[in-house]
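Worksheet for the structure shown next.
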2 protein chains.
Amino acid sequence: MKPRKPLSENMLEIIAQRFRVLSDPLRLNILQRLGDQERSVGELVVATGANQANVSKHLQILFRAGYLNRRKDGLQVFYQVTDSSIFEMCEIVCGSVANQLQATLDVVRGDENAE
Amino acid sequence: MKPRKPLSENMLEIIAQRFRVLSDPLRLNILQRLGDQERSVGELVVATGANQANVSKHLQILFRAGYLNRRKDGLQVFYQVTDSSIFEMCEIVCGSVANQLQATLDVVRGDENAE
DNA sequence: CAGTTATATTCCTGCGTAGTTATATAGTAC
DNA sequence: GTACTATATAACTACGCAGGAATATAACTG
């Protein structure tokens with residue numbers, strides 16, 4: 001992301017699109033419930049407390065983005081996270097959020113080293 | 001992101017919001033033009049070829065999200081990336097995109113080890 | 001003061017999409 | 001076949017937001 005030659009418009013679109021997939025709380029919730037396990041749609045509906053149709057749609061979005069695997073077994077469909085870079089990114093974001101909050105806290109407290 | 005206890009709705013909202021800030025091609029373009037340097041709004045308008053008002057608005061969004069610093073000097077305003085976790089995440093996404101494309105390519109080519 | 005430049009903001013339009021309800025599809029059990 | 005369950009899809013509504021044009025604000029110049 002600090003290349004000598006700037007990324008093309010197309011590449012920026014692709015990257016932006018991938019961030020967009022992760023920019024919804026319910027999708028993040030689903031991903032977190034999945035973790036490294038395989039779960040059925042029904043399980044995720046119960047775990048998240050969200051509407052079945054809505055969960056199903058978000059699973060499609062995550063699936064089409066290449067973040068999930070799909071396995072059908074009888075009436076149930078099981079999803080699983082295939083791209084663990086998701087969790088890596090969430091950890092980075094969490095760390096970044098924590099840093100910012102800490103910095104804000106330091107400023108509020110009048111810490112000399114703050115900012 | 002694989003916690004024993006699931007993250008709260010609030011935390012998921014915050015994380016989603018941060019991903020959303022990165023989910024726009026023009027904002028990614030601006031960040032990439034900034035790199036580790038400090039640049040004025042005008043420079044970024046030229047570099048991106050985008051509308052001045054639009055660049056300014058996106059800079060506000062990035063600034064309010066805590067990704068940028070602001071420094072005023074006369075008529076000009078200079079922005080600088082403060083949170084380098086942005087570039088870390090972009091690199092992860094780029095790697096992930098590359099992996100997926102490679103996997104797709106392998107499938108297309110009928111590679112035995114694919115998928 | 002008026003004039004000019006750099007940046008920010010307001011207003012508007014249109015598109016994308018999250019959520020809900022209802023319905024469709026697919027699989028199972030009888 | 002009918003009835004039932006699990007998941008997906010369609011239709012609709014409503015809201016957020018990116019983009020552009022015009023305007024406002026701020027800072028410099030003379």
Side-chain angles (χ1 to χ4, degrees), chain A residues 9-10 12-34 37-81, chain B residues 9-10 12-34 37-81:
Chain A
E9 277 298 322
N10 278 346
L12 290 174
E13 288 274 1
I14 290 172
I15 298 174
Q17 180 56 33
R18 287 183 76 90
F19 279 125
R20 177 160 293 263
V21 171
L22 299 181
S23 72
D24 182 88
L26 181 48
R27 281 198 288 273
L28 292 178
N29 199 347
I30 289 172
L31 288 171
Q32 132 178 286
R33 305 292 177 167
L34 281 170
Q37 298 188 11
E38 188 188 55
R39 294 203 183 280
S40 72
V41 178
E43 286 178 295
L44 293 169
V45 169
V46 173
T48 61
N51 185 291
Q52 180 268 322
N54 208 15
V55 170
S56 193
K57 275 196 299 183
H58 283 295
L59 284 169
Q60 299 312 308
I61 292 171
L62 289 166
F63 174 67
R64 284 179 199 144
Y67 287 130
L68 302 183
N69 250 348
R70 237 181 86 106
R71 181 178 70 84
K72 214 170 173 180
D73 182 19
L75 278 176
Q76 303 185 73
V77 177
F78 293 88
Y79 287 90
Q80 187 175 24
V81 175
Chain B
E9 277 297 323
N10 279 345
L12 290 174
E13 288 274 0
I14 290 172
I15 298 175
Q17 180 57 33
R18 287 183 75 90
F19 279 125
R20 177 161 294 265
V21 172
L22 299 181
S23 73
D24 182 88
L26 181 49
R27 281 199 287 275
L28 293 179
N29 200 346
I30 289 172
L31 288 171
Q32 132 177 286
R33 305 291 178 168
L34 281 170
Q37 298 188 10
E38 189 188 54
R39 293 204 183 278
S40 72
V41 179
E43 285 178 296
L44 293 169
V45 169
V46 173
T48 61
N51 185 290
Q52 180 268 322
N54 209 14
V55 170
S56 192
K57 277 195 296 188
H58 284 295
L59 284 169
Q60 300 310 309
I61 292 172
L62 290 166
F63 174 67
R64 284 180 199 143
Y67 287 130
L68 301 184
N69 250 349
R70 237 180 85 107
R71 182 178 69 84
K72 215 170 172 178
D73 182 18
L75 278 174
Q76 303 185 73
V77 177
F78 292 88
Y79 287 91
Q80 187 175 25
V81 175

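Computed from heavy atoms alone, side chains included, the values below leave out hydrogens, waters and symmetry copies. Naming convention: chains lettered A, B, ... in sequence-line order (proteins, then strands); numbering from 1 in each chain.
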Worksheet entry | Any pair counted as salt bridge (charged side-chain N to carboxylate O under 4.0 Å, His left out), so long as it reaches residues 42-61 of chain B, sequence neighbours left out | Arg39(B)-Glu43(B)
Practice prompt. Using whole Å, report how far CD of Glu13(B) lies from P of dC15(D).
Written response: 16 Å
Practice prompt. Report the residues that fulfil side-chain contact (heavy atoms from CB on, under 4.5 Å) with Asn10(B), sequence neighbours left out, ordered by chain and then residue number.
Written response: Ser8(B)
Discussion item. Could you tell me how far apart Gln52(B) (CD) and dG20(D) (P) are, to the nearest whole angstrom?
Written reply: 12 Å
Kindly list each side-chain donor-acceptor pair under 3.5 angstrom involving residues 12-24 of chain B, sequence neighbours excluded, with atom names and distances?
| from | atom 1 | to | atom 2 | distance (Å) |
| --- | --- | --- | --- | --- |
| Arg18(B) | NH1 | Gln100(A) | OE1 | 3.3 |
| Arg18(B) | NH1 | Ala65(B) | O | 3.4 |
| Arg18(B) | NH2 | Ser96(A) | OG | 2.6 |
| Arg18(B) | NH2 | Asp83(B) | OD2 | 3.3 |
| Arg20(B) | NH2 | Ser23(A) | OG | 3.4 |
| Ser23(B) | OG | Arg20(A) | NH2 | 3.4 |
| Ser23(B) | OG | Arg20(B) | O | 2.6 |
| Asp24(B) | OD2 | Leu26(B) | N | 3.0 |
| Asp24(B) | OD2 | Arg27(B) | N | 3.1 |

Worksheet item: Rounded to the Å, how far apart are Tyr79(B) OH and dT7(C) P?
Response: 9 Å
Practice prompt. Measure the distance from CD on Gln60(B) to P on dA8(C) and round it to the nearest whole Å.
Written response: 5 Å
Discussion item. Output the rounded distance in Å from CD1 (Ile30(B)) to P (dT7(C)).
Written reply: 13 Å
Table of protein N/O atoms under 3.5 Å from nucleotides 17-20 of chain C N/O atoms:
| from | atom 1 | to | atom 2 | distance (Å) |
| --- | --- | --- | --- | --- |
| dA18(C) | OP1 | Arg27(A) | NH2 | 3.2 |
| dG19(C) | OP2 | Asn54(A) | ND2 | 2.9 |
| dG19(C) | OP2 | His58(A) | NE2 | 2.7 |
| dG19(C) | O5' | Asn54(A) | ND2 | 3.1 |
| dG19(C) | N7 | Lys57(A) | NZ | 2.9 |
| dG19(C) | O6 | Lys57(A) | NZ | 3.1 |
| dT20(C) | O4 | Lys57(A) | NZ | 3.0 |

Discussion item. I want to check something: taking the side chain as every heavy atom from C-beta on, are Phe78(B) and Gln76(B) in contact at a cut-off of under 4.5 Å?
Written reply: yes
Worksheet item: Any idea which heavy atoms bring Tyr79(A) and Leu34(A) closest together, and the distance?
Response: O-CD2, 3.3 Å
Worksheet item: Any side-chain N or O of Arg71(B) less than 4.0 Å from the OP1 or OP2 oxygen of dT7(C)?
Response: no
Tabulate atom names and distances for all N/O pairs under 3.5 angstrom spanning the protein and nucleotides 25-27 of chain D.
| from | atom 1 | to | atom 2 | distance (Å) |
| --- | --- | --- | --- | --- |
| dA26(D) | O3' | Lys72(B) | NZ | 3.4 |

Item to complete: State the NE2-CG distance between His58(A) and Leu28(A), to the nearest 0.5 angstrom.
Response: 10.5 Å
Worksheet entry | Residue pair Leu44(A) / Thr48(A): nearest heavy atoms and the distance that separates them | O-OG1, 2.7 Å
Fill in: Members of residues 38-46 of chain B that approach DNA chain C, where some heavy atom sits under 4.0 Å away
Ser40(B), Val41(B), Gly42(B)
Discussion item. What's the separation between atom CG in Leu59(A) and atom CZ in Arg64(A), rounded to the nearest 0.5 Å?
Written reply: 11.0 Å
Worksheet entry | Nucleotide dA18(D), atom P - distance to CG of Leu22(B) in whole Å | 12 Å
Discussion item. Can you measure Arg64(B) atom CZ to dA8(C) atom P for me and round it to whole angstrom units?
Written reply: 10 Å
Worksheet item: Quick one: are Asn29(A) and Gln32(A) in side-chain contact, heavy atoms under 4.5 Å?
Response: yes
Item to complete: Would you mind reporting whether Leu68(A) and Leu31(A) have side-chain heavy atoms less than 4.5 Å apart?
Response: yes
